[in-house]
Amino acid sequence: MTATGGHRVDTDPDEAILLSVEIYFSLFVVGFVAFELVRHRLAIYFNCRAADPKASCPLAEQEYGFGGWVLPVLRATDDEIMEFCGLDALCYLRFLRLGRKVAGVSILLSLGLMPIYATAVQPSTANTTTQDLVARLAMANMNVSLDPNRLWAPVAAGIVVTVCTLRLLVAEYKVYVSRRHEFLGRDGLQQYTVLMNDLPSSLRTHEALAKYLYRLFPTMVDSVHMVMECRELEAQVIKRARVRDDLERAMVLAVTTGRRPTTAFKRGQVDAIDHWTQLLEKLNVSIRTEIATLRGYQAKLHESMNDDSLEDALCVSSLHDGSASSDSAPPAVSVATMLAFMRPSAFVTFNTLQATQSALQMLQTDSPTELRVRPAPDPADILWHNLGRTLDNVTSWQFASSLATIAVIVLWSFPTAFVTTLGAMQQWRDEYPAVERTLAAHPWLVDCAKQLAPLGLVALSGLAPYVFGALSRREGLASQTEVDAATFAKLVTFQFCQTFVVALLSGSLNSLLPVLVDSPYLFVTIFSEALSLQASLYICYMAILIGLTLLFKLYRVGPFVVGLLYYIFAPRLTPRDRRSPWKWLSPMSAVETCSQSTILPSYFLVLLLVLVFCPITPLVAFFGGLFFFLSEVVYRRLYFFVYAPGRFTTGVYWPSMYRSIVRALYMAQVILIALLWVKVSDAWTNRVAVTSPGTVPASVFEEYAYWFAMAPSVVVSFLPFVTYVVDSRVCSLYLRAATFLPLVDCYRIDAVRTGAMRVRSATAEQHRDNAMYVQPALQAGSGLKTEFTFEQAQRLFALKRQPTGDHYEPLHEDVSEPI
């Protein structure tokens, strides 16, 4: 507390923590109770999966009393999560469980650390009565010169939390490998298909690539689908769908209003129904013609390679000299022109898992930049416009994206530093008299500023996914899952740099910056001092995540806003309008996908805070453990009741999550080592003062304190080496093992399926499924029709005039013809 002119200005961080706990914990409790009271009345909104037959699961179909769903979702096994939610959901929920376990270990350690820190010997001049509670329960409260042996307590805590975290990581990776192999061994089209990129020019036709693969995998190739350049065709398909929707709306308007609507065309008004009908027919014809032309280019391009040998199939020169095109291609279209319509990518489906995994694990060509093979994503997840980009193109865009990411992080540091310094009112008061007078006149502004700092960090973190998501989409990745994984990597770096480093230093930047400019070698000391000062900021930050972020997810605030905009702006004239998304808007009752790339970075930050502050400020672990536990409850409900099942997700996040956790462990160890060596430096400085002339040491610890403090510092310095050894072994053993399915397992699975007469190429249904890896635009040649005719619309949407006015309502008549 600071007295100024009869007013007291509060600068106590303990009160900031208590205020955050009162506000956000109370908000969470009240919000949870209110949620339980309203979820029965809004079941279609809070239990979307039960209303969708394709997404429903047993837990979502049951009825629960007040809070009755909590225990069932917590008791849900990994097998149930894998079956009804997907591999990515399982990895995410197990990560939350891992964070809860690490926080639990830290809480157990804190029960021994906090008494040791609180009872540390203080100098006779120290005023312990006014010291903050957080500071008294932290390592900064110890005086090494008076009692250096207490440094063994944080060292022991650092060793225990490191060993426990590494053991948990190894166990999680083993589970991930097992679950990943279970997914790769399924009898689905995705498991039998690979994506081949950077095809040489001689293999950019269906027949040439099939001939090449038949020589390498005899009788094992089921289908080959080349990716073609058809942006104009895709634009026509999109336009045709829009014309079809406009025609249906025009027919409904004509029936409901009694007047045929008009539309502008060539500087005049024409009948809308006739205009959209004619345009739809023209687009159907144009699309069929365009598809036939593209297919013709592929056939004519293959005719230029009329040799049956594998060597000539791999020879590129026959396609570059243009001589072959003079006989087989029309004079108006050269081979180079036809080749421009063939992207260097193709989807290849095999009829055995052994062939699929062999294609993935073996080197296909002697050129490292050609014929790169990778697992095929789920057809619904493919970004078709990114397929066909060469390795050089993708690498260039990824490099540009990395540079843009660095620039964004640097520029973002300025608003982060400003927001964080709002909570350090003591510095503002010391440097600006106007702030001192304002706070003296309005003391409530201090409490407000203390809450604005962590709130600002949460708000800035909420904007980052949109920026980095846009950068990741430009990198040429083949699927949306890969884009999300790239966004996650950028957001983890952003969270570490902004919410941890920048926020950590900016809170005390005004007072520490002059010292850092004069003595740059004191950075470690300055960083350790800032770490002890900013513990309360991160505790408030986690309280906000609990009270606001989790409630927003539980109440689906984002989908509610999107659904409200959809209700206001989206057209809802036709049945198709009422059940389909419009632009980027969708109804509130629609199942949503879980965007892990925007959620996981915040949990990585909390785990980093738990690991860093476990031996330094143990109080942080209690808030981190509570956050992980409540998050697991909330997200288990969301996965079983709201989120769309990701049955075709491949667990792509776990390797990135593992690397992020290991880096967080390294950071926690480096900070602990730095803090302990700073303590040794302090003991050395105090030794000079104690042994000065005329001074008698109080004990042998005061005279040789730095020697006693050096021993635990040396021991803890070996922790990064231990982590490196374990990490290297895990990566060497499990990284490649999780990427591919062992060939011996493939042989066993293929033998069982072949014995059960389930060879993939033998079923007609599989041939239909193979079309899933054909570009949607190339399958749009059958023509598009409206959902109903004008006569059917007249019967379905017939109106009667009310005798009291001009109000119209639909007649409830049976429609004999199906619509």
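- Ring centroids of F640 and F84 are separated by 6.0 Å or more, keeping the two rings apart.
- Judged by distance alone, with hydrogens and angles left aside, the side-chain atoms of R636 form a donor-acceptor pair with the main-chain N or O of V73 at under 3.5 Å.
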**Message:** Evaluate L608 against F496 for side chain to side chain contact (heavy atoms under 4.5 Å, CB included), listing each step before the verdict.
**Reply:** CA-CA 9 Å; L608 172 64; F496 172 75; 3.7 Å; yes
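- Between the CZ atom of F95 and the CG atom of L607 there is a distance of 5.5 Å, given to the nearest 0.5 Å.
- In terms of modelled atom types and a separation under 3.5 Å, the side chain of Y45 and the main chain of R556 share a donor-acceptor contact.
- Under the 3.5 Å distance criterion, the side-chain polar atoms of E36 are left unmatched by any main-chain donor or acceptor of V33.
- Residues that satisfy the side chain to side chain contact (heavy atoms under 4.5 Å, CB included) test with T723, not counting sequence neighbours, are T162, L166, V662, L665, Y666, Q669.
- For the pair S602 and Q495, the minimum side-chain heavy-atom distance is below 4.5 Å.
- The minimum heavy-atom distance between V610 and A103, with the atom names listed, is CG1-CA, 4.0 Å.
- Counting heavy atoms from C-beta outward, F25 and F623 have side chains that approach closer than 4.5 Å.
- Proximity of a side-chain donor or acceptor of Q498 to a complementary backbone N or O of I409 within less than 3.5 Å is detected.
- One N or O on the side chain of Y64 and one on the backbone of L59 form a donor-acceptor pair closer than 3.5 Å.
- Listed by chain and number, the residues in a ring-ring contact (aromatic ring centres under 6.0 Å, His included) with F46 are F35 (sequence neighbours excluded).
- Two rings, from Y173 and Y658, have their centers less than 6.0 Å apart.
- Other residues, nucleotides and ligands contribute over 12 non-hydrogen atoms within 6.0 Å of the CG atom of L42.
- Both the sub-6.0 Å distance and the 45° axial angle are satisfied by R637 relative to the ring of F641.
- A donor-acceptor pair under 3.5 Å is formed between the side chain of D88 and the backbone N or O of G651.
- Defined by atom type and a distance below 3.5 Å, a donor-acceptor pair is missing between the side-chain atoms of R663 and S660.
- Panel note: side chain T549, backbone I546; no donor-acceptor pair is recorded below 3.5 Å.
- At distances below 3.5 Å, not a single donor-acceptor pair connects side-chain atoms of R94 with backbone N or O atoms of V175.
- Within a 6.0 Å sphere centred on CZ of F66, other residues, nucleotides and ligands contribute more than 12 heavy atoms.
- Distance SG/C594 to CD1/I599: 4.0 Å, rounded to 0.5 Å.
- Minimum heavy-atom separation, P154 to Y117: CB-OH, 3.3 Å.
- Note that the CG atom of D484 and the OG1 atom of T593 stand 8.0 Å from one another [nearest 0.5 Å].
- Using a 4.5 Å cut-off on side-chain heavy atoms (C-beta onward), F500 and M667 make contact.
- Taking each heavy atom of P618 and F622 in turn, the nearest pair found is O-CD1, 3.8 Å.
- Under the 4.5 Å side-chain criterion, counting only non-hydrogen atoms from C-beta, P720 is in contact with I673.
- R41 meets the side chain to side chain contact (heavy atoms under 4.5 Å, CB included) test with no other residue; sequence neighbours excluded.
- In this structure a side-chain-to-backbone donor-acceptor pair under 3.5 Å is present from S26 to E22.
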**Request:** With side chain to side chain contact (heavy atoms under 4.5 Å, CB included) as the test, would you mind laying out the steps for E172 and R97 before giving the verdict?
**Result:** CA-CA 10 Å; E172 287 298 320; R97 191 186 310 171; 5.6 Å; no
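- Listed here is the closest heavy atom pair of C164 and V105: SG-CG1, 4.0 Å.
- Between Y603 and F627, the distance from one ring center to the other falls under 6.0 angstrom.
- At least one side-chain heavy atom of S631 sits under 4.5 Å from a side-chain heavy atom of L550.
- Interatomic distance, S413 OG to F494 CZ, rounded to the nearest 0.5 Å: 8.5 Å.
- Between Q596 and P601, the closest heavy-atom pair is O-CD, 4.1 Å.
- The backbone N or O of G624 sits nowhere less than 3.5 Å from a side-chain atom of R100 that would complete a donor-acceptor pair.
- Side-chain contact between V102 and I661 is absent, with no heavy-atom pair separated by less than 4.5 Å.
- The ring pair (Phe, Tyr, Trp, His ring centres under 6.0 Å) test with Y92 is passed by exactly one of Y635, F488, W654: Y635.
- Taking every heavy atom of both residues into account, C85 and A89 meet most closely at CB-CB, 3.6 Å.
- Within 6.0 Å of the CZ atom in F629, the count of heavy atoms belonging to other residues, nucleotides or ligands does not exceed 12.
- With rounding to the nearest 0.5 Å, the separation of CG in L93 from CG in L74 is 10.0 Å.
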**F468 vs T405, side chain to side chain contact (heavy atoms under 4.5 Å, CB included): CA-CA, chis, key distance, verdict** = CA-CA 7 Å; F468 295 116; T405 300; 3.6 Å; yes
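- Here the side chains of F28 and L551 are in contact, with some heavy-atom distance below 4.5 Å.
- How far CD1 of I116 is from CZ of R150: 7.0 Å, rounded to the nearest 0.5 Å.
- For the pair V606/M542, a side-chain contact is recorded, criterion being any heavy-atom separation below 4.5 Å from C-beta on.
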**Message:** Quick one, L609 with V612, criterion side chain to side chain contact (heavy atoms under 4.5 Å, CB included). Give me CA distance, side-chain angles, the key distance, then yes/no.
**Reply:** CA-CA 5 Å; L609 295 176; V612 168; 5.8 Å; no
